[in-house]
Novice: 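One structure coming up, written as structure tokens, with questions to follow.
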Amino acid sequence: MPLKIYNVLGREKQDFVPLEPGRVGMYVCGPTVQDYAHLGHAKTYLSFDMIVRYLRFTGCDVLYVQNLTDVGHLLDSGEDRILKKAAQVQAKPMQIVEYYTRSYFEDMDALGVVRPDISPRASGHVPEQIKMIETLIAKGHAYEANGSVYFDVTTAPDYGKLSNRRIETQAAGSREAVRDEKRHPEDFALWKKAEPEHILRWESPWGEGFPGWHIECSAMAKKYLGPTFDIHGGGVDNIFPHNESEIAQSECANDADFARYWILVGSLTVDGIKMSKSLGNFITIKDALKQHRPEVIRMFVYSAHYSSPVDYTGESLTAAANGWERLYGAVRLARQMKNDAPEGDAGNAILPRLDEARRDFLAAMDDDFNSPKAIAALQELTRDVNTLLNSGAAVGRGVLEAIETIYRELGGDVLGLIPAADTAGGDSRREAGLIGLLINLRAEARKNRDFATSDRIRDELKALGVILEDRPDGTVWRTN
RNA sequence: GGCGACGUAGCCAAGUGGUAAGGCAGAGCUCUGCAAAAGCUCGAUACGCCGGUUCGAAUCCGGCCGUCGCCUCCA
């Protein structure tokens, strides 16, 4: 079954056909590294993580480029976001950039996000940006005004095709336009003249200055993926003006189509309001990870379709945590049972269910990465797996392997929900030995019907974060 | 005001013409010394509201109401 993708450019679900069979070039707008990443960033980059993982799972050779914006992204006050932060904490701008870049990767690593193949920085690609601006001027799509350069949107006939925003023809003669350096209010900056106090500055044909925000993505996408490539991603909140301007610049400069498929991720809201730096209502990824394991945050994000907005509430993460616990509990149990499982294929009646679940999962993912539906396939499977594993009947090693494999591949490799191995106890043989000793002592107490002692052992271990479960074939433990 | 999404059980959420997936929460039951875990049973005569098309609509069309995003920095 072919993969279908909802292409925002054209607003329809389309068969995904890469330019080169088996190879996918993908560019995703990265963060402005000026502050700690929050759950909104997590939603966007976890969504593309799932997309990249799935493309690779299906055999595609993906080149994943995600930029880091470290210059040019201005506040509406006209200040550079990085410079403002640097002044606040009395640091060099590049210290700020480095600090938050490292923090960003720390967070993404913690969430299990596969790193992009290339993470180009805007400040490292100023020559490429200048060159593209020169091309645009030469072709009549841009003009210089007082040391700055602007893109003339009236020269891009398609301007607005992604966001469905059309240029207001009558707006061209408005008072604002006359007062401004810009010819039309919709024109956007490609290059900004640096005021004397502006630290981040580069030499250019138009004097000292710095690049605008949009041009970096056009220049870096071209450098690493070529003028035309397969997928461009980002958050929907950047559809205008950022993504729209990227298209205009790139297509006018290169005389070629820009990205062929546009995938945009819905925003994360908190109590119905978008989580954003400017509103100050954000929860950092670091804080969220203090409360929940990374798999739970992934579960939360993937429980809605990537294109939908998702509202964050405390209960929604708790629901994700509980749902994840059941899913992972089945895997953990299968792994534990594998340790002393009989050879043979006892319990192989589950195998057709495994195939069915795999088909349902892949069909859901092929349908525009429908992760909620894919997870549902795993959850339905989990019911049957739990029934088998808790039936008390012997289950052969091969069957347990098959069960573990489907969770590892679909739940783990694609969605990152299932840890590769159960780490509980694995990092401390001494701890495992001590807990085993207590379990044995408790078993003796239970045998003697000394329930006061057995319950005390269970309760006190629970207080230490070790949960005991009595099963027909013995007591197992896990950490919470 | 313009542009774009969306409104499905207490909550989250899938479902684009054929008679409402899945999860969380809740209740009861089985299992257990008691628990925990797991499983079973129970929930929308109904998909914001009103019309229309159709043999048939949550799904298509029109109108209305409401929510959110963008239009200005944001993933």
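Source: prediction; values computed, not measured. Keep in mind that the numbers below use all heavy atoms, side chains included, and drop hydrogens, waters and symmetry copies.
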Novice: Starting at atom CG of A:Asp368, determine the distance to atom C1' of B:A5, rounded to an integer number of angstrom.
Specialist: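 Distance, rounded to whole Å: 15 Å.
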Novice: Sort out the partner of B:G66 for me: Watson-Crick or G-U wobble, both distances under 3.5 Å, none otherwise.
Specialist: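 Its partner is B:C6.
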Novice: If the condition is ring-ring contact (aromatic ring centres under 6.0 Å, His included), which residues does A:His242 pass it with, not counting sequence neighbours?
Specialist: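 Expected list: A:Trp213, A:His214.
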Novice: Give one of base, sugar-phosphate or nothing for A:Phe300, where a contact means two heavy atoms less than 4.0 Å apart.
Specialist: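 Counting heavy atoms under 4.0 Å across all strands, no contact is made by A:Phe300.
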Novice: When the distance from NZ of A:Lys373 to P of B:U16 is rounded to whole Å, what number comes out?
Specialist: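 Roughly 7 Å, once rounded to whole Å.
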Novice: Would you indicate what A:His242 reaches in the nucleic acid, counting non-hydrogen atoms under 4.0 angstrom: base, sugar-phosphate, or nothing?
Specialist: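 The answer is nothing, as A:His242 stays clear of every strand by at least 4.0 Å.
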Novice: Among the nucleotides B:C70, B:G39, B:C34, which one has an atom lying closest to any side-chain atom of A:Thr387?
Specialist: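 My answer, after comparing the listed nucleotides, is B:G39.
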Novice: As a test of reading the structure: which of B:A36, B:A35, B:A75 is closest to the side chain of A:Ile467, going by heavy atoms?
Specialist: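 Among the listed nucleotides, the one closest to the side chain of A:Ile467 is B:A36.
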Novice: Run the ring pair (Phe, Tyr, Trp, His ring centres under 6.0 Å) test on A:Phe229 and A:Phe258 for me, step by step, so that the C-alpha distance in whole Å, both residues' side-chain angles and the decisive distance to 0.1 Å come before the verdict.
Specialist: CA-CA 7 Å; A:Phe229 57 95; A:Phe258 190 46; 5.1 Å; yes
Novice: To the nearest angstrom, how far is A:Lys274 atom NZ from B:C71 atom C1'?
Specialist: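 Answer to the nearest Å: 12 Å.
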Novice: When you compare B:C50 with B:G39, how far apart are their P atoms, in angstrom units rounded to a whole number?
Specialist: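 Straight-line distance between the two P atoms is 39 Å.
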Novice: If you check the A:Asn390 side chain, which of B:G33, B:A38, B:A14 turns out closest?
Specialist: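 From the listed options, B:A38 comes nearest.
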Novice: Which whole number of Å gives the distance between the P atom of B:G62 and that of B:U67?
Specialist: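 Each nucleotide's P atom is 22 Å from the other's.
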Novice: Quick check, does A:Phe451 stack with B:G33? I mean ring centres under 5.5 Å and planes off by under 30°.
Specialist: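 Stacking between A:Phe451 and B:G33: present.
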Novice: For atom P, what is the distance between B:C55 and B:C65, given to the nearest Å?
Specialist: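 Their P atoms lie roughly 32 Å apart.
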Novice: Over how many whole Å does the gap from A:Asn243 atom CG to B:C3 atom P extend?
Specialist: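 After rounding, the gap between these two atoms is 20 Å.
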Novice: Do A:Arg115 and A:Asp49 meet the salt-bridge criterion of a basic N to acidic O distance under 4.0 Å?
Specialist: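 No, no charged N to carboxylate O under 4.0 Å.
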Novice: Can you list the residues that meet the ring-ring contact (aromatic ring centres under 6.0 Å, His included) rule with A:Phe16, with sequence neighbours excluded?
Specialist: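 So A:Phe16 forms a ring-ring contact (aromatic ring centres under 6.0 Å, His included) with A:Tyr261.
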Novice: Using only atom types and a distance under 3.5 Å, with no angle test, would you say the side chain of A:Thr32 pairs donor to acceptor with the backbone of A:Gln34?
Specialist: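 Pair absent, no side-chain N/O of A:Thr32 close to backbone of A:Gln34.
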Novice: Can you tell me which nucleotide in B:C34, B:G4, B:A75 comes closest to the side chain of A:Arg458?
Specialist: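 Nearest listed nucleotide: B:C34.
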Novice: Toward the 5' end of RNA chain B, which comes first, A:Pro372 or A:Asp455, by nearest nucleotide?
Specialist: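 Of the two residues, A:Pro372 wins.
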Novice: Figure out the OH/C1' separation between A:Tyr312 and B:C68, and round it to whole Å.
Specialist: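 So the OH-C1' distance, A:Tyr312 to B:C68, works out to 19 Å.
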Novice: Which whole-number value in Å describes the distance from A:Glu469 CD to B:G39 C1'?
Specialist: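 In whole Å, B:G39 C1' and A:Glu469 CD are 14 Å from each other.
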Novice: In whole angstrom, give me the gap between the P atoms of B:U59 and B:A9.
Specialist: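 Looking at atom P only, B:U59 and B:A9 are 15 Å apart.
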Novice: Who are the ring-ring contact (aromatic ring centres under 6.0 Å, His included) partners of A:Phe240, not counting sequence neighbours?
Specialist: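 For A:Phe240 there are no ring-ring contact (aromatic ring centres under 6.0 Å, His included) partners, ignoring immediate neighbours.
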Novice: Return the set of residues passing side-chain hydrogen bond (donor to acceptor under 3.5 Å, both in side chains) with A:Asn348 (not counting sequence neighbours), or none when no residue passes.
Specialist: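 Checked A:Asn348 against side-chain hydrogen bond (donor to acceptor under 3.5 Å, both in side chains); matches are A:Asp345.
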Novice: With side-chain contact (heavy atoms from CB on, under 4.5 Å) as the test, would you mind laying out the steps for A:Leu415 and A:Leu410 before giving the verdict?
Specialist: CA-CA 7 Å; A:Leu415 297 180; A:Leu410 306 183; over 6 Å; no
Novice: From C-beta outward on A:Arg478, which listed nucleotide comes closest to its side chain: B:A36, B:A5, B:A75?
Specialist: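 In terms of side-chain proximity for A:Arg478, the closest of B:A36, B:A5, B:A75 is B:A36.
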Novice: Looking only at atom P, what distance separates B:C31 and B:G23, rounded to whole Å?
Specialist: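 Their P atoms lie roughly 24 Å apart.
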Novice: If I pick the P atom on B:G51 and the same atom on B:G15, what distance separates them, to the nearest angstrom?
Specialist: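 To the nearest whole Å, 28 Å.
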Novice: Please name all residues satisfying ring-ring contact (aromatic ring centres under 6.0 Å, His included) with A:Phe48, sequence neighbours left out, ordered by chain then number.
Specialist: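 Partners of A:Phe48 by the ring-ring contact (aromatic ring centres under 6.0 Å, His included) criterion come out as none, since no residue qualifies.
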Novice: Quiz question: going by heavy-atom distance under 3.5 Å, is there a donor-acceptor pair between the base of B:C31 and the side chain of A:Arg471?
Specialist: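 Answer no: no donor N or O sits under 3.5 Å from an acceptor.
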Novice: My understanding is that a pair needs two contacts under 3.5 Å, Watson-Crick or G-U wobble. By that rule, which nucleotide pairs with B:G1?
Specialist: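 Looking at the geometry, B:G1 pairs with B:C71.
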Novice: Would you mind classifying the nucleic acid contact of A:Leu333 as base, sugar-phosphate or nothing, using non-hydrogen atoms under 4.0 angstrom?
Specialist: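 Touches nothing.
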Novice: Using both distances under 3.5 Å as the test, list the Watson-Crick or G-U wobble partner of B:C55, or none.
Specialist: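 B:G18 - that is the nucleotide pairing with B:C55, both distances being under 3.5 Å.
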Novice: Is B:C42 paired to anything, Watson-Crick or G-U wobble with both distances less than 3.5 Å, and if yes, which nucleotide?
Specialist: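 Result: B:G26.
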Novice: Tell me what A:Ser307 touches on the nucleic acid: a base, only sugar-phosphate, or nothing, going by heavy atoms under 4.0 Å.
Specialist: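 No contact.
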Novice: P atom, B:G43 versus B:U53: distance in rounded Å?
Specialist: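 Approximately 35 Å lies between the P atom of B:G43 and that of B:U53.
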Novice: Does A:Asp470 get its side chain close enough to the base of B:C34, under 3.5 Å, for a donor-acceptor pair?
Specialist: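 Such a pair is found, so the answer is yes.
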Novice: Considering heavy-atom distances to RNA chain B, does A:Ala304 or A:Val236 have its closest nucleotide positioned more toward the 5' end?
Specialist: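 Its nearest nucleotide being more 5', the pick is A:Ala304.
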Novice: Is any side-chain nitrogen or oxygen of A:Asn370 closer than 4.0 Å to OP1 or OP2 of B:G15?
Specialist: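 True: A:Asn370 side-chain N/O within range (under 4.0 Å) of B:G15 OP1/OP2.
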Novice: Separation of A:Leu327 atom CG from B:A38 atom P, in whole Å?
Specialist: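 Distance check: A:Leu327 CG to B:A38 P gives 11 Å.
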Novice: When we call it a touch if two heavy atoms are under 4.0 Å apart, what does A:Arg456 touch: a base, just sugar-phosphate, or nothing?
Specialist: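 A:Arg456: no heavy atom of the nucleic acid under 4.0 Å.
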Novice: Answer with yes or no after comparing the ring centroid distance for A:Tyr36 and A:Phe282 against a 6.0 Å cut-off, counting only values under it.
Specialist: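 A:Tyr36 vs A:Phe282: aromatic centres not under 6.0 Å.
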Novice: Any idea how A:Tyr328 and A:Trp324 line up, ring-wise: parallel (<30°), tilted (30 to 60°), or perpendicular (>60°)?
Specialist: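 Parallel: the ring planes of A:Tyr328 and A:Trp324 meet at under 30°.
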Novice: For nucleotides B:A25 and B:U45, find the distance between their C1' atoms and express it as a whole number of Å.
Specialist: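 Their C1' atoms lie roughly 24 Å apart.
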Novice: Between the protein and nucleotides 22-24 of chain B, list every N/O to N/O distance that falls short of 3.5 Å.
Specialist:
| from | atom 1 | to | atom 2 | distance (Å) |
| --- | --- | --- | --- | --- |
| B:G22 | O2' | A:Gln379 | OE1 | 2.4 |
| B:G23 | O4' | A:Gln379 | OE1 | 3.4 |
| B:C24 | O3' | A:Asn322 | ND2 | 3.4 |

Novice: Rounded to whole angstrom units, what separation is found between the CZ atom of A:Phe240 and the P atom of B:C3?
Specialist: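 For the pair A:Phe240 CZ and B:C3 P, the rounded distance is 13 Å.
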Novice: Compare the minimum distances between each of B:A14, B:G39, B:A35 and the side chain of A:Asn386, then state the nucleotide with the smallest one.
Specialist: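 Looking only at heavy atoms from C-beta outward on A:Asn386, the closest nucleotide is B:G39.
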Novice: Under 4.0 Å, counting only non-hydrogen atoms across every strand here, what does A:Gly30 touch: a base, just sugar-phosphate, or nothing?
Specialist: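 Sugar-phosphate: the residue A:Gly30, judged by heavy atoms under 4.0 Å, touches backbone atoms but no base.
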Novice: Once you apply the 3.5 Å cut-off to both distances, tell me the Watson-Crick or G-U wobble partner of B:C34, or none.
Specialist: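 No nucleotide pairs with B:C34.
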